[in-house]
Amino acid sequence: MFTEEKKNSQIFQDSNHLLPKSELEVSNIIKEAYKKKLPIDIHGANTKKFIGYNVQAAKSLDLSSLNGIIEYLPEELYIKVKPGTLLEDVETALEKNNQELSFEPTDFGYIKNGKSSKGTVGGCVACNFAGSRRFKSGSVRDFVLGFRGVNGKGDIIKSGGTVVKNVTGYDLSKLVSGSFGTLVALTEITLKISAKKPSQNTIVIYENDSKVISELFQKVLSSSNEISGAVFIPDEPQNKKFDLNKSKAFKFNDLDQEGSFFALRVEGDKNSIKERIKDISNELNLKKYKTSNLDPHQSPLFWKSVNSLQLFSETKNNLLRAVVPPANCEKVMNNIKNKFKYFIDWSGSLFWIEVPGKDDDKLKEVKKMILQNNGYVTIIKKSEEFDFSEKIFTIDDTKLMISKKIKESFDPKGIFNPGKMYKDF
């Protein structure tokens with residue numbers, strides 16, 4: 001227990017697992033930890049705990065009890081919540097007003113245990129993983145209007161506001177997003193929300209040639225038809241090291257299960273979709289391909305499958321998330337070929353790659369190849385055979401030095417999630 005006078009407090013009943021009910025309690029806990037330089041493992045629902053290195057900490061700061069919607073003004077396009085609020089609860093509230101989180105939160109539940117588990121808003125912001133609309137709408141950090149939290153000294157800090165035009169503190173919000181709980185313990189988050197499109201369709205193009213796929217991605221990026229999703233799902237390698245579940249993950253009446261396919265999404269009202277699909281057909285010269293169309297009932301389910309990574313459901317292998325410039329998409333595809341199970345999102349920028357657990361050389365090979373193509377890699381899920389000498393988050397020396405300086409300014413004694421992202425801090 002941190003202090004004798006608080007030993008009967010609800011939050012100190014378990015001296016290792018701390019469950020604060022308010023921002024002030026979070027602040028008091030961290031102030032005591034700062035004085036004694038006690039490392040703290042900060043988490044919420046723990047749905048993303050497997051990402052990163054294991055944290056060795058004296059105390060576990062569980063923010064799951066800080067939950068609930070504080071303020072939701074649909075007409076002002078923002079929602080303010082506590083960090084432990086489940087994403088599903090937020091999405092349910094938004095759905096009632098035909099609104100949504102445009103960044104499409106990634107659901108990591110399927111790769112963990114085969115079931116949906118999106119986790120909390122705090123975890124979503126802390127990890128900054130956005131779904132298929134990322135190349136069009138932006139990442140999670142682009143939707144954080146503001147936050148409240150507690151730094152490594154126990155000081156309560158605030159950044160940003162509640163209106164879209166208020167840019168105060170935006171850079172601070174962007175620093176916190178993607179920091180995996182190493183900079184601040186979030187206590188309140190304000191997110192920008194968007195009107196949900198009334199309908200959507202997905203055009204499926206059956207193609208496998210890497211040059212053609214890369215060209216299709218480039219045409220999507222330059223299109224004026226507001227395409228909000230573009231993915232390539234290749235055929236799975238016939239290798240016993242991979243579970244073959246493509247047909248299960250993408251089982252739709254109007255989708256041919258055989259072979260590779262490219263898919264793009266168009267959202268809006270039905271008349272607008274109809275007109276834009278005509279334009280897209282001309283832009284992409286779809287007459288020369290075998291195609292099909294997923295209607296407004298099938299299309300949302302298809303993109304749910306994509307954004308919940310159901311292609312890799314319950315994988316025991318290493319799962320890599322690699323981001324590269326779209327111009328290098330073809331080179332990366334040619335390097336991967338059919339050696340690994342993968343798919344491409346963000347219209348050519350995001351690769352999800354599964355690498356067998358016992359192939360350390362293959363893991364190094366893929367990481368090196370991504371770096372050579374001006375990209376970066378995060379090992380999202382580690383196999384049981386994972387060599388922990390491997391870097392989970394790739395970063396160059398200059399950015400690492402900057403990250404250390406930022407860490408020191410927020411958390412001078414390095415007590416927040418030590419070693420979670422980088423072994424040095």
Side-chain angles (χ1 to χ4, degrees), residues 41-53 55 63 81 83 87 101-108 118-135 137-152 157 159-160 169-192 307 309 319-324 345-346 349-352 370 375-381 391-396 398-411 414 416-425:
D41 173 14
I42 303 174
H43 63 86
N46 262 334
T47 56
K48 303 171 188 67
K49 186 177 178 65
F50 59 89
I51 305 174
Y53 298 103
V55 174
L63 300 178
V81 302
L87 275 164
L101 299 171
S102 287
F103 56 80
E104 291 182 293
T106 306
D107 184 346
F108 290 100
K118 292 185 178 181
T120 64
V121 176
C124 178
V125 171
C127 295
N128 192 46
F129 291 134
S132 299
R133 218 180 270 119
R134 164 71 173 82
F135 76 97
S137 299
S139 192
V140 180
R141 59 166 55 99
D142 299 307
F143 288 81
V144 179
L145 293 173
F147 73 88
R148 289 177 65 93
V150 181
N151 67 15
I157 60 175
S159 173
Y170 260 38
D171 289 341
L172 199 57
S173 296
K174 288 179 176 172
L175 284 176
V176 169
S177 302
S179 64
F180 285 80
T182 62
L183 299 181
V184 66
L186 292 166
T187 55
E188 183 182 289
I189 301 160
T190 304
L191 294 173
K192 178 171 66 172
N307 288 310
L309 306 171
L319 182 61
L320 280 60
R321 178 183 182 270
V323 179
V324 299
D345 204 344
W346 294 3
S349 283
L350 176 63
F351 282 72
W352 290 97
I370 295 296
Y376 63 89
V377 181
T378 304
I379 300 173
I380 295 295
K381 189 173 184 181
K391 290 182 180 179
I392 292 177
F393 297 84
T394 56
I395 188 169
D396 61 46
T398 301
K399 289 180 180 177
L400 184 64
M401 181 181 68
I402 294 170
S403 295
K404 283 183 177 180
K405 294 292 184 183
I406 294 170
K407 170 73 170 172
E408 288 169 5
S409 66
F410 277 89
D411 180 21
F416 286 168
N417 286 355
K420 178 69 172 176
M421 298 183 73
Y422 311 110
K423 292 179 180 179
D424 295 339
F425 60 94

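Note that the numbering runs from 1 along the sequence shown for the chain.
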- List the steps, then state whether side-chain contact (heavy atoms from CB on, under 4.5 Å) holds for Arg321 with Trp352. CA-CA 5 Å; Arg321 178 183 182 270; Trp352 290 97; 3.6 Å; yes
Starting from the C-alpha separation in whole Å, work towards a yes-or-no answer on side-chain contact (heavy atoms from CB on, under 4.5 Å) for Ser403 and Phe425. CA-CA 10 Å; Ser403 295; Phe425 60 94; 4.0 Å; yes
Exercise. After noting the C-alpha distance and the side-chain angles of Tyr53 and Ile392, does the key distance pass the side-chain contact (heavy atoms from CB on, under 4.5 Å) rule?
Worked result: CA-CA 7 Å; Tyr53 298 103; Ile392 292 177; 3.5 Å; yes
> Do Thr106 and Asn307 pass the side chain to side chain donor-acceptor pair (under 3.5 Å) test, and can you show the C-alpha distance, the side-chain angles, and the key distance before you say yes or no?
Replying inline: CA-CA 5 Å; Thr106 306; Asn307 288 310; 5.5 Å; no
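The OG atom of Ser177 lies 8.0 Å from the CG atom of Leu186; values are rounded to the nearest 0.5 Å. Atom CG of residue Leu63 and atom OG1 of residue Thr187 lie 8.5 Å apart, to the nearest 0.5 angstrom. For the atom pair Asp411 CG and Phe416 CZ, the distance stands at 5.5 Å (nearest 0.5 Å). A distance of 6.5 Å separates CG in Leu319 from CG in Leu309, rounded to the nearest 0.5 Å. The structure places NZ of Lys391 at 8.5 Å from OG1 of Thr394, a figure rounded to the nearest 0.5 Å. Here CD1 of Ile406 is found 10.5 Å from CD of Glu408. Values are rounded to the nearest 0.5 Å.
Using a distance-only test at 3.5 Å, with no hydrogens or angles considered, a donor-acceptor pair links the side chain of Ser179 to the main chain of Val176. Between the side chain of Trp346 and the backbone N or O of Phe351 there is no donor-acceptor pair closer than 3.5 Å. In this structure, Lys48 contributes its side chain and Lys118 its backbone to a donor-acceptor pair below 3.5 Å. Side-chain atoms of Lys407 come within 3.5 Å of backbone N or O of Thr182 as a donor-acceptor pair. No donor-acceptor distance shorter than 3.5 angstrom exists from the side chain of Ser139 to the backbone of Asp142, with no hydrogens or angles considered.
Aromatic ring centroids of Phe393 and Phe180 lie under 6.0 Å apart.
Every side-chain hydrogen bond (donor to acceptor under 3.5 Å, both in side chains) that Lys49 has, sequence neighbours left out, goes to Asp41. Taking the side-chain hydrogen bond (donor to acceptor under 3.5 Å, both in side chains) definition, one finds that Arg133 meets it with Glu267, sequence neighbours left out. For Thr378, there are no side-chain hydrogen bond (donor to acceptor under 3.5 Å, both in side chains) partners at least two apart in sequence or on another chain.
The shortest heavy-atom contact between Gly181 and Ile42 is O-CD1, 3.7 Å. Of all heavy-atom pairs between Leu87 and Pro105, the closest is CD1-CB, 3.9 Å.
Counting only heavy atoms from C-beta outward, the side chains of Ile380 and Leu320 never approach each other to under 4.5 Å. Phe135 has its side chain out of reach of Leu350: every pair of non-hydrogen atoms, C-beta onward, lies at least 4.5 Å apart.
Counting heavy atoms of neighbouring residues, nucleotides and ligands inside a 6.0 Å radius, atom NZ of Lys423 exceeds 12 of them.
Using modelled atom types and a 3.5 Å distance limit, the side chains of Asp345 and Ser132 yield a donor-acceptor pair.
Judged by a 6.0 Å distance limit and a 45° cone about the ring axis, Lys192 is positioned over the six-membered ring of Phe143.
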